[in-house]
Amino acid sequence: MMIIRSKGGDPLIASDKCLDEASLAAQFSTKSSKRVYGIVQLWKSIHPLTTVASIMNTGAHPDDEHSDTLAYYSLGKGVHTISLIATRGEGGQNELGSELGDALGVIRTRELEEASKMMNVTLCLLSEQIHDPIYDFGFSKCADETFGKWGESLAYERLIRNIRTMRPDVVFNAFQNDVTTHGHHRAMTILTIRAFDDAANSDVFPEHAEAGIRPWQIKKMYVPAGEDAYHVFVPTGEFNEIYGASYVQMGEQSRFMHKTQGMGSHIDEGPISSYYELVRSIVPVQKQERDFFDGIAFTFDDLAKEVEMKQGDKRVITDLYALHSDVQHIVSSFPRFSQVALEAQRMRIDVSNTISDIARSDLDDETKADLTHRLRVKEDQLNLLCSEALSFIAKIRPESAELVPGQTTRVTLTAFNGGMMPLSDLSLKLRLPQGWVNKPLGETKFSRLGYNETVSVQYEVEVPIDAANFHPYHDPIFSGVAEYVAYHVTSQVVMHPAQTVAILPAYSICMSPEAVVLNTVSLPECIPVKATIRNYKSGAAGANIHLQLPDGWTAQPDHQELEFGFKGETLTVSFRVQPTAKVRNGHYAISAVVEDSQFTCSERAQVIQYPHIGKTYYIRSEQLKIEAFDLRLPEQLQIGYISSGFDNIDHYLSLVGLNVTRLEPKDIEFGDLSVYDAIVLGIRAYAIRPELTSCNQRLLQYVHNGGNLVVQYHKPEDNWQPELAPYPIEIGKPFLKWRVTDENSQVTVLAPAHSMFHYPNLITDEDWKGWIQERSAYIPCSWGTEYTELISTGDPGEEEFTGIFLTAEYGKGVYSYSSLVWYREIPHLVPGAIRLFVNMISQARVSKTAVSTAHQ
């Protein structure tokens, strides 16, 4: 036995062997000390050195990752773990806020980044840009549709490029290629399995070689399996005493980051496993394996033996055995911070020497590339470990996180030594994009940094006048590098700002309303338009604003002057826009342009900020979209809207000129419902509004007394019960089967004489054109005979659904249930969807007189 002194001088007893994780956990319980965070982080940095293996999980959307398995291999086994996701989730719903489309993709990307960071997982994305061809276009039933929209060759090239760059030993898919699975999932599984051979074939995408990316042979590939038929199981329910949780619990903690999708579950401790089927392998395997990495080099010791079997360079073999010994010394030094740092620096020297020896050896090129790649990964891990073990903390702080082209700002870099080992030859450097200018305002090099000491340097930075706007998917605009010497070895830490630093337009414009329905039945005298402008320039600024209008349209006034007193100030100006005397049905747009002596701006910098992802921005062209079409509205129609928060249809109903009131719980429970001509339930409202279930009989009585209740789609799990409707409605399962994903599907009207298609708007075939993303979701599979089936439609080659749009008389009133995706169509001002929705909420007004006179 040997006596080891802790930093505080208290003796710790340890054997010469590696310290046992369980005993360490007992000494450093996560509830016992504030310093525990450092202990856990130290182990989190040490553990990856114990293995040279790597694994990749492929999926289609943020939240597809197998979080429990990733946590097991990354945090439990120390494996270099990679999550590769195709899209950014633009086509989904938002359970957190109102952002949809590209703005939702920005949020889900940040959620995915934070979830990956929690598990020490490296994240790769095939989608590279806003409006990227590889995007989440909504639900898809088949891979062929997905390939058609993504571009199969493009998606495959990016997948192969990522595999060749990351060089994973094992790849496992998030889903099987099953007919009951989302088409995006099936597409990624098909491409991933195909890549097993093609990633190793230099004839496939030979242009990669020009960029220095070599072919790579994956060793094993798996797909998810069931408990009754599998090759390997992953015991994700195992409890890790250092982290104080099981791997499935840690995985679920990361899934809680996917808040826009309502992900994350609280799981009790206990045995849980995930099962996988082996589909491809180049190594001999057993019928049932103990681990993904059976037969694959897992440690430096394994690598050395592999090189020995090839009768490779003896010097390299000796080096690899030495690195295995280095790892053992580092692990046995835990949790003595300074000793870990010393051993890590020794290993850094050995890694560098090994890389040099490999380059000089007579090994074949592929073996050289393989070993060098694995050692480069270790270099990065050792850099991180050294900073953790030395308690070295480097930070970069911008004077302002919101910059404009041409601006001068200051950035401060600091370095703090929280460890007992003095550091020497410290330098703090600022990294900037090409074309930027920076000047240090003090010393950037420091000879010594002792315990509990901080040094800092401030840089003056000039942002180029042609600097590009912030892009949410690009790397941070600038970063800092701290280099230092400890134990005679140079290390470095790369710093990124804690908050997003963004280059923004000098003036950000937000137009109101954001959309207008121009009713050609009765054109308004003018369109009131407001523009709110935020000044992002430093200090006071002067500019003018004018509108860009369709041909023949005019605005009063034609321009306005803007005088800002300080950065961040907002001003709102109003215009009255006069369309031409005769406006044809179609699309129109109005833009605002703000100009000063330096800048011409017509963009909006949309601020996106939530506690779990911080602040980011989505910069886009700002336009007031106008859709002109004929729309008849019953006079003084009163609508009550029960929002779930998943849609904003009520907002757009107000825009078209209807009187809409959002109903709160007290209104539903105690209010006079009879004052509303129609009450509309937002999508999935029963899942979010508990008062609906308790007051359901009250809603049905409202219908029976002559009201008009409109219910939009629900999922089976949304607290929906068939008896909630006046006559039973059962929602179909599995959801993949019960939806129409083709937005252009042929629609047949089954009840052409029904007032739904006549009052107050005459619905024709034209009204089913121009829909977006899909037709219908979560379609009922059975319903009472009392309902009238209004339409039928289906995806090409499939049987048509007749339960998409149901309506029935109940007492004196009308009850309608529709799984048409109104929440997508109406915000996009799809004329037919708006006209038909107005008809649906007008049914309580229907009479023989109304129907017969509506179109005279």
Side-chain angles (χ1 to χ4, degrees), residues 47 51 53-85 112 115-116 118-123 168-178 180-182 184-186 188-189 192-193 196 218-241 243-258 261 263-281 285-296 298 734:
H47 201 29
T51 173
S54 57
I55 191 169
M56 175 183 282
N57 178 207
T58 64
H61 316 102
D63 93 338
D64 281 353
E65 67 270 22
H66 284 205
S67 306
D68 53 350
T69 299
L70 294 177
Y72 176 82
Y73 278 102
S74 177
L75 301 177
K77 295 291 186 179
V79 172
H80 182 208
T81 307
I82 304 132
S83 174
L84 185 146
I85 301 296
L112 182 59
S116 301
M118 290 178 68
M119 296 186 295
N120 256 15
V121 168
T122 300
L123 175 64
D169 295 311
V170 174
V171 173
F172 67 102
N173 303 301
F175 296 90
Q176 290 186 335
N177 179 21
D178 188 272
T180 63
T181 302
H182 194 318
H184 299 176
H185 299 159
R186 298 182 67 185
M188 281 302 294
T189 300
T192 302
I193 293 175
F196 186 87
I218 302 164
K219 297 176 178 63
K220 289 184 183 179
M221 186 170 288
Y222 295 83
V223 296
E227 188 175 355
D228 55 342
Y230 64 92
H231 286 94
V232 66
F233 72 92
V234 180
T236 56
E238 285 187 0
F239 194 84
N240 186 308
E241 292 176 295
Y243 294 109
S246 68
Y247 300 108
V248 67
Q249 288 175 327
M250 287 186 270
E252 287 303 312
Q253 284 301 311
S254 80
R255 297 190 72 75
F256 277 114
M257 297 306 297
H258 296 293
Q261 303 181 73
M263 290 293 156
S265 301
H266 294 284
I267 296 178
D268 289 335
E269 296 75 10
I272 297 176
S273 294
S274 297
Y275 300 86
Y276 297 91
E277 174 190 356
L278 180 70
V279 291
R280 300 296 301 275
S281 177
V285 294
Q286 302 294 324
K287 185 175 181 181
Q288 283 199 345
E289 301 174 286
R290 294 171 302 169
D291 189 86
F292 278 147
F293 293 95
D294 282 3
I296 297 175
F298 197 75

- Task: Any chance you could measure Met250, atom CE, to Leu70, atom CG, to the nearest 0.5 Å?
- Result: 12.0 Å
- Message: Test side chain to side chain contact (heavy atoms under 4.5 Å, CB included) on His231 and Gln288; report intermediate values, then the result.
- Response: CA-CA 4 Å; His231 286 94; Gln288 283 199 345; 5.9 Å; no
- Would you say the side chain of Val171 lies within less than 4.5 Å of the side chain of Ile55, judging by non-hydrogen atoms? no
- Quick check: does any side chain N or O of His47 sit under 3.5 Å from a backbone N or O of Gly76, one acting as donor and the other as acceptor? yes
- Atom NZ of Lys77 with >12 non-hydrogen neighbours under 6.0 angstrom: no
- Task: Assess whether side chain to side chain contact (heavy atoms under 4.5 Å, CB included) is satisfied between Asn57 and Thr69, documenting all intermediate values.
- Result: CA-CA 9 Å; Asn57 178 207; Thr69 299; over 6 Å; no
- Please state whether the rings of His66 and Phe175 are parallel, tilted or perpendicular, taking 30° and 60° as the class boundaries. perpendicular
- Going by atom types alone, do His258 and Glu65 pair a side-chain donor with an acceptor below 3.5 Å? yes
- Task: Return yes if a side-chain donor-acceptor contact under 3.5 Å exists between Asn173 and Thr58, otherwise no.
- Result: yes
- Message: Rounded to the nearest 0.5 Å, what separates atom CG in Asp64 from atom CD1 in Ile85?
- Response: 5.5 Å
- Item | Atom pair CG/CG of Leu123 and Leu84 - distance to nearest 0.5 Å | 8.0 Å
- Student check: side-chain heavy atoms of Leu278 and Met221 closer than 4.5 Å: no
- Task: Mark yes or no for whether Thr51, through its side chain, and Ala53, through its backbone, hold a donor-acceptor pair below 3.5 Å.
- Result: yes
- Query: Is any side-chain heavy atom of Gln176 less than 4.5 Å from a side-chain heavy atom of Thr189?
  - Reply: no
- Short side-chain to backbone donor-acceptor contact, Gln261 and Arg255, under 3.5 Å: no
- Message: Nearest 0.5 Å, please: how far is OG in Ser67 from CD in Glu252?
- Response: 6.5 Å
- Atom CD of Glu277 and atom OH of Tyr230: how far apart are they, to the nearest 0.5 Å? 13.0 Å
- Message: Can you tell me which residue among Tyr247, Phe293, Phe172, Tyr276 is in a ring pair (Phe, Tyr, Trp, His ring centres under 6.0 Å) with Tyr73?
- Response: Phe293
- Task: Please examine the side chains of His185 and His61, heavy atoms only from C-beta on, and report whether any two atoms are closer than 4.5 Å.
- Result: yes
- Query: Met263 and Phe256: side chain to side chain contact (heavy atoms under 4.5 Å, CB included), yes or no, with the steps?
  - Reply: CA-CA 5 Å; Met263 290 293 156; Phe256 277 114; over 6 Å; no
- Item | Rounded distance (nearest 0.5 Å) linking atom CG of Asn120 with atom OG1 of Thr81 | 8.5 Å
- Message: Between Ser54 (side chain only) and Asp169 (backbone N and O only), is there a donor and an acceptor less than 3.5 Å apart?
- Response: yes
- Query: Any side-chain heavy atom of Pro224 within less than 4.5 Å of one from Tyr275?
  - Reply: no
- Note on the structure: Sorted by chain and residue number, the side-chain contact (heavy atoms from CB on, under 4.5 Å) partners of Gln249 (sequence neighbours excluded) come out as Phe239, Ala245, Ser246, Glu269
- Taking Thr122 for its side chain and Ile82 for its backbone only, find out whether a donor-acceptor pair lies under 3.5 Å. no
- Task: Please report the C-alpha distance between Tyr222 and Val279 in whole Å, then the side-chain angles of each, then the deciding distance to 0.1 Å, and finally whether the side chain to side chain contact (heavy atoms under 4.5 Å, CB included) criterion is met.
- Result: CA-CA 5 Å; Tyr222 295 83; Val279 291; 5.8 Å; no
- Answer whether the closest heavy-atom distance between the side chains of Phe292 and Lys219 falls below 4.5 Å. no
- Message: Is it the case that the side chains of Ser116 and Ser83 hold a donor-acceptor pair, with the cut-off being a distance below 3.5 Å and no angle test?
- Response: no
- Item | Residue pairs, two or more places apart or on separate chains, that pass salt bridge (charged side-chain N to carboxylate O under 4.0 Å, His left out) and touch residues 286-296 | Lys220-Glu289, Arg290-Asp294
- Message: Please tell me whether Arg186 and Thr181 have a donor and an acceptor in their side chains that are separated by less than 3.5 angstrom.
- Response: no
- Task: State whether the side chain of Ser74 and the backbone N or O of Ala71 hold a donor-acceptor pair below 3.5 Å, judged by distance alone.
- Result: no
